[in-house]
Amino acid sequence: MLTFEGKYTFKNELKEPAYPQKSNGERGLSEQYSYMVFNKHDMSRGKLIGYIERLLVILLTYYSSYPAIAFIVTAKSIARFKQMDDRDWAEYFLLGTLTSMFIGIMFGILLREILN
């Protein structure tokens, strides 16, 4: 089973105001579609990596090992470096990473407060 995620974008190819009229009556726009393909196994591995990442962040926060959390973020960024050229994917990655780190750090602080 494959999952597709994509979007349509329209680009004005002329350096004139939006929707200029060409001599043959066509508009100066081009249509572009970009997509990512995920198969079921890729999504399962991604979920597993996310769960392990959050568990590590919770444990490292409990032990106040914040430099180790920075190492996790750095390792993730290096592993995905080539994909960072795609702005949409980079924003998706950044949002997911920040959310995951926030949840892990909050649960780690909560765990530390409860157990200490």
Side-chain angles (χ1 to χ4, degrees):
M1 180 175 152
L2 296 177
T3 302
F4 294 92
E5 180 179 301
K7 70 172 188 163
Y8 279 109
T9 57
F10 295 97
K11 181 170 76 173
N12 184 357
E13 294 179 342
L14 300 175
K15 298 189 190 298
E16 298 175 10
Y19 305 106
Q21 199 85 21
K22 290 184 179 178
S23 60
N24 61 0
E26 294 180 16
R27 303 262 179 206
L29 291 176
S30 67
E31 182 178 338
Q32 184 179 9
Y33 183 71
S34 59
Y35 63 93
M36 294 184 286
V37 179
F38 303 101
N39 73 32
K40 191 171 93 175
H41 301 294
D42 289 341
M43 292 179 79
S44 297
R45 284 187 296 219
K47 281 184 180 181
L48 180 61
I49 290 168
Y51 293 142
I52 293 169
E53 172 188 312
R54 278 183 289 284
L55 180 61
L56 282 172
V57 170
I58 290 169
L59 290 173
L60 293 169
T61 301
Y62 177 78
Y63 290 110
S64 299
S65 297
Y66 298 109
I69 295 172
F71 176 76
I72 291 172
V73 174
T74 303
K76 270 184 81 169
S77 298
I78 291 171
R80 300 291 190 150
F81 182 74
K82 288 191 179 201
Q83 291 174 305
M84 293 296 180
D85 290 338
D86 178 10
R87 182 182 172 102
D88 291 330
W89 192 91
E91 289 173 352
Y92 170 81
F93 174 80
L94 184 59
L95 181 62
T97 299
L98 290 175
T99 302
S100 181
M101 293 296 126
F102 177 76
I103 290 169
I105 289 170
M106 288 297 112
F107 276 111
I109 291 170
L110 183 64
L111 182 67
R112 186 171 50 210
E113 293 300 316
I114 290 172
L115 296 179
N116 288 338

Can Ile109 be reached from Val73 by stepping across I, L, V, M, F, W or Y side chains whose heavy atoms are under 4.5 Å apart? yes
Flag, side chain of Thr61 to backbone of Val57, donor-acceptor distance under 3.5 Å: yes
For the residue pair Tyr92 and Trp89, does the interplanar ring angle fall in the parallel (under 30°), tilted (30 to 60°) or perpendicular (over 60°) class? tilted
Interatomic distance, Lys76 atom NZ to Leu94 atom CG [nearest 0.5 angstrom]: 9.5 Å
Single-linkage hydrophobic cluster, 4.5 Å side-chain cutoff, Ile58 and Leu115 together: yes
Would you compute the distance between atom OG1 of Thr97 and atom CZ of Arg80 and round it to the nearest 0.5 angstrom? 9.0 Å
Non-neighbouring partners of Tyr66 that pass ring pair (Phe, Tyr, Trp, His ring centres under 6.0 Å), sequence neighbours left out: none
Applying salt bridge (Lys or Arg N to Asp or Glu O under 4.0 Å), name anything that partners Glu91, two or more places apart in sequence or on another chain. Arg87
Is it possible for you to say whether Ile103 and Ile49 belong to one hydrophobic cluster, with membership spreading through side-chain heavy-atom contacts below 4.5 Å? no
Please tell me whether Leu60 and Leu55 are part of a single hydrophobic cluster in this structure, the criterion being side-chain heavy atoms less than 4.5 Å apart. no
Could you give me the CA-CA distance, side-chain angles and deciding distance for Phe93 and Met84, then say whether side chain to side chain contact (heavy atoms under 4.5 Å, CB included) is met? CA-CA 8 Å; Phe93 174 80; Met84 293 296 180; 3.0 Å; yes
What distance do Ile69 atom CD1 and Leu59 atom CG have between them, rounded to the nearest 0.5 Å? 10.0 Å
Distance in Å, Glu113 CD paired with Asn116 CG, rounded so as to fall on 0.5 Å steps: 7.5 Å
Point-to-point distance, once rounded to the nearest 0.5 Å, from NZ of Lys47 to CD1 of Ile52: 14.5 Å
Shortest non-hydrogen contact from Glu53 toward Ser100: OE2-OG, 2.8 Å
Are more than 12 heavy atoms, taken from residues, nucleotides or ligands other than Phe107, located less than 6.0 Å from that residue's CZ atom? no
What distance do Ile78 atom CD1 and Phe71 atom CZ have between them, rounded to the nearest 0.5 Å? 8.0 Å
